[in-house]
*Asks:* 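Can you keep this structure in mind? I'll have questions shortly.
Excluded from the calculations below are hydrogen atoms, water molecules and symmetry mates; all remaining heavy atoms, backbone and side chain alike, are included. Sequence lines set the chain letters: A, B, ... in the order given, protein chains first and strands last, and positions in each chain run from 1.
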Amino acid sequence: MLQIPFIRENKDLVLAGLRKRHFADAESTVEQLLSLDQQRRDTQKEQDDKLARQNAIAKEIGQLMKTGQKEAADAAKAETATLKEQSKVLGEQLTGIEQQVQAILVTVPNIPHSSVPEGRSADDNEVVLEWGDKPNLHAGAEPHWELIKRFGPGGSPMIDFDLGNKISGAGFPVYKGRAARLQRALINFFLDKALAAGYVEVQPPIVINEDSGFGTGQLPDKEGQMYYADADKLYLIPTAEVPVTNLYRDVMVAESDLPIKNVAYTPCFRREAGSWGAHVRGLNRLHQFDKVEIVRIEKPENSYTVLEEMSQHVQGLLQVLELPYRVLRLCGGDMGFTSALTYDMEVWSAGQGRWLEVSSVSNFETYQANRLKLRAKLDGSKPTLLHTLNGSALALPRILAAILENNQTAEGTIRIPAVLVPYCGFDVID
RNA sequence: GGAGAGAUGGGUGAGUGGCUGAAACCAGCAGUUUGCUAAACUGCCGUACCCGCAAGGGUACCGCGGGUUCGAAUCCCGCUCUCUCCGCCA
């Protein structure tokens, strides 16, 4: 959430940022916010003055009672009746105005970083770099949704959508045998790499309350994308970003504890309502998937250096997995609501002949921190909002898909990247 | 699920109607002392918002929301959470 004083003092910058995002009615929204803010301050001043007078009278009455001047005290009481009524009305107005401000503010997205390219959709994202050579597959090479029909126990599918459909529904596959072991190997590999890079592993709850959903920006507005356990008012997490970042909600971080580097492996749940159709076959889009997420809490002046560092970490994973990838800088129209700058990493999925997003690395600057009340006293000064960042390192199913597709051989087997062999215990799926 | 107890500042913990934004201690910060460290001593040490060029002033906050009262951390009502015991249980 943007801070009102920031909007007040950087109106043009905010407007330009909102336009870059193609945010509708940027001018009128900002004008309305600033006008409500002025009303709020005027009303508060008026109410504060009434309350100050009431407090003063109350003190006088205390003195009068002590010295036995009953009549004078009663006279003073009479004055407070009007004051009380007035300040009550002002208080109600104030609450109303604050609610209006809040209602508007939660609809305003973060301001994009100056390096964010112009653009409306995913087609306008900027390709920052490409790495690796796309494999030349043999004739008859298959997409992963064909490959996974084999190699399971007793010749069954090693990733079984029908079985998952029986247990839960579409989009909840069952991983069996070597597919399950390969996925577990990837999780351990990703966690180990993060640990080596100095991240502290955490295992958070995978259900969250409403306050947590608000803190990272999923709520209000995106409740339709999360599974919800009505009886307990808990949401299944769409990403570990939510519980891990919320670890630091309402926290005044000691400067000596910065930077905070956390990594968490969790399942993630997405309802993906209305987004099913072409291009979402197999592992490309699921309701439940596994992900290793890195989260950082940083001093403002460091956050963009850290964003690059996180991008390098993710790229390093893809490189040792021998997966061709490209890095995109998302354009204003394609960025997430809360982000100031996002890099997407996409791997080349040779069996499908298309790029698959496997990571999204973002700097939220103070947008989440403001909602979270996540602050530190830097250099002994007043509390300052910190910057939050996170990134997938990495999301599992599409990595799995790319490994299976890119490493299939003419002999009908699948080669396992060398770096994973110690983790999964086999070097080929045959 | 049943019964009981509790929720105060970074921490421990006083405080049952006005002198309490809140004692004391610990931690922290700045000094004095010191060969260094430690100890001791002195001072500072919550957050948000508002007015003001500033100095400074005002308001709110003792889990949350209401109420009583001229005045509430303190009294009343509702809620949430935590802890203890019992039951159930991976």
*Asks:* Using the C1' atom as the point on both nucleotides, what is the distance between A48(B) and G43(B), in whole Å?
*Replies:* 27 Å

*Asks:* Which donor-acceptor pairs under 3.5 Å do side chains of residues 385-396 of chain A form with protein atoms, sequence neighbours excluded?
*Replies:*
{"unit_1": "His387(A)", "atom_1": "ND1", "unit_2": "Ser303(A)", "atom_2": "OG", "d": "2.8"}
{"unit_1": "Thr388(A)", "atom_1": "OG1", "unit_2": "Gln368(A)", "atom_2": "OE1", "d": "2.7"}
{"unit_1": "Asn390(A)", "atom_1": "ND2", "unit_2": "Glu241(A)", "atom_2": "OE1", "d": "3.4"}
{"unit_1": "Asn390(A)", "atom_1": "ND2", "unit_2": "Glu241(A)", "atom_2": "OE2", "d": "3.4"}
{"unit_1": "Ser392(A)", "atom_1": "OG", "unit_2": "Ser360(A)", "atom_2": "N", "d": "3.1"}

*Asks:* Could you give all pairs that pass the side chain to side chain donor-acceptor pair (under 3.5 Å) test and reach residues 311-323 of chain A, with sequence neighbours left out?
*Replies:* Ser311(A)-Gln315(A), Gln315(A)-Tyr325(A), Gln319(A)-Tyr325(A), Glu322(A)-Arg415(A)

*Asks:* Salt bridge check, Glu223(A) against Arg271(A): does any charged N sit closer than 4.0 Å to a carboxylate O?
*Replies:* no

*Asks:* How far, in whole Å, is A90(B) from G2(B) if one measures between their C1' atoms?
*Replies:* 23 Å

*Asks:* Atom CG of Asp49(A) to atom P of G52(B): distance rounded to whole Å?
*Replies:* 12 Å

*Asks:* Residues two or more places apart in sequence or in another chain: which of them pass side-chain hydrogen bond (donor to acceptor under 3.5 Å, both in side chains) with Ser115(A)?
*Replies:* His113(A), Arg329(A)

*Asks:* Which residue pairs pass the salt bridge (charged side-chain N to carboxylate O under 4.0 Å, His left out) test with at least one member in residues 3-12 of chain A, sequence neighbours excluded?
*Replies:* Arg8(A)-Asp37(A), Lys11(A)-Glu31(A)

*Asks:* Once rounded to the nearest 0.5 Å, what's the spacing between atom CG of Asn246(A) and atom CD1 of Ile208(A)?
*Replies:* 7.0 Å

*Asks:* Pairs under 3.5 angstrom, nitrogen or oxygen only, protein versus nucleotides 18-22 of chain B, please.
*Replies:*
{"unit_1": "G18(B)", "atom_1": "N2", "unit_2": "Ala58(A)", "atom_2": "O", "d": "2.7"}

*Asks:* Return the residues of residues 201-215 of chain A meeting this criterion: a heavy atom under 4.0 Å from some atom of RNA chain B. Order them by number, or give none.
*Replies:* none

*Asks:* Reckon Asn55(A) touches a base, only the sugar-phosphate, or nothing at all at heavy-atom distances under 4.0 Å?
*Replies:* sugar-phosphate

*Asks:* Can you tell me, in whole Å, how much space there is between the P of U80(B) and that of U69(B)?
*Replies:* 28 Å

*Asks:* Does CD in Glu201(A) sit with more than 12 non-hydrogen atoms of other residues, nucleotides or ligands closer than 6.0 Å?
*Replies:* yes

*Asks:* Less than 4.5 Å apart, any side-chain heavy atom of Lys291(A) and any of Phe190(A)?
*Replies:* no

*Asks:* Take atom CD of Glu46(A) and atom C1' of U59(B), then tell me their distance rounded to the nearest Å.
*Replies:* 14 Å

*Asks:* With distance as the sole criterion, is a donor-acceptor pair present between the side chains of Arg249(A) and Ser212(A) under 3.5 Å?
*Replies:* yes

*Asks:* At under 4.0 Å between heavy atoms, which parts of nucleotides 43-49 of chain B does protein reach? Answer with one letter per nucleotide, 5' to 3': B base, S sugar-phosphate only, - none.
*Replies:* ---SSSB

*Asks:* Sequence neighbours left out, cut at 3.5 Å: what donor-acceptor pairs do the side chains of residues 160-169 of chain A make with other protein atoms?
*Replies:*
{"unit_1": "Asp160(A)", "atom_1": "OD1", "unit_2": "Asp162(A)", "atom_2": "N", "d": "3.1"}
{"unit_1": "Asp160(A)", "atom_1": "OD1", "unit_2": "Leu163(A)", "atom_2": "N", "d": "2.9"}
{"unit_1": "Asp160(A)", "atom_1": "OD2", "unit_2": "Lys176(A)", "atom_2": "NZ", "d": "3.0"}
{"unit_1": "Asn165(A)", "atom_1": "OD1", "unit_2": "Ala170(A)", "atom_2": "N", "d": "3.1"}

*Asks:* When you compare U74(B) with C62(B), how far apart are their C1' atoms, in angstrom units rounded to a whole number?
*Replies:* 10 Å

*Asks:* Classify Ala52(A) by what it touches in the nucleic acid, base, sugar-phosphate, or nothing, heavy-atom distance under 4.0 Å.
*Replies:* sugar-phosphate

*Asks:* When every nucleotide of nucleotides 76-81 of chain B is labelled 5' to 3' by its protein contacts under 4.0 Å (heavy atoms), B for base, S for sugar-phosphate only, - for none, what sequence of letters results?
*Replies:* ------

*Asks:* Using a heavy-atom distance cut-off of less than 4.0 Å, which residues of residues 78-91 of chain A contact RNA chain B?
*Replies:* Thr80(A), Lys84(A)

*Asks:* Nearest 0.5 Å, please: how far is CZ in Phe337(A) from CZ in Arg21(A)?
*Replies:* 7.5 Å

*Asks:* Quick one: list whatever passes side-chain hydrogen bond (donor to acceptor under 3.5 Å, both in side chains) with Lys373(A), sequence neighbours left out.
*Replies:* none

*Asks:* Between A72(B) and G63(B), how far is it from one P atom to the other, in whole Å?
*Replies:* 16 Å

*Asks:* Any salt bridge (charged side-chain N to carboxylate O under 4.0 Å, His left out) pairs touching residues 85-102 of chain A, not counting sequence neighbours?
*Replies:* none

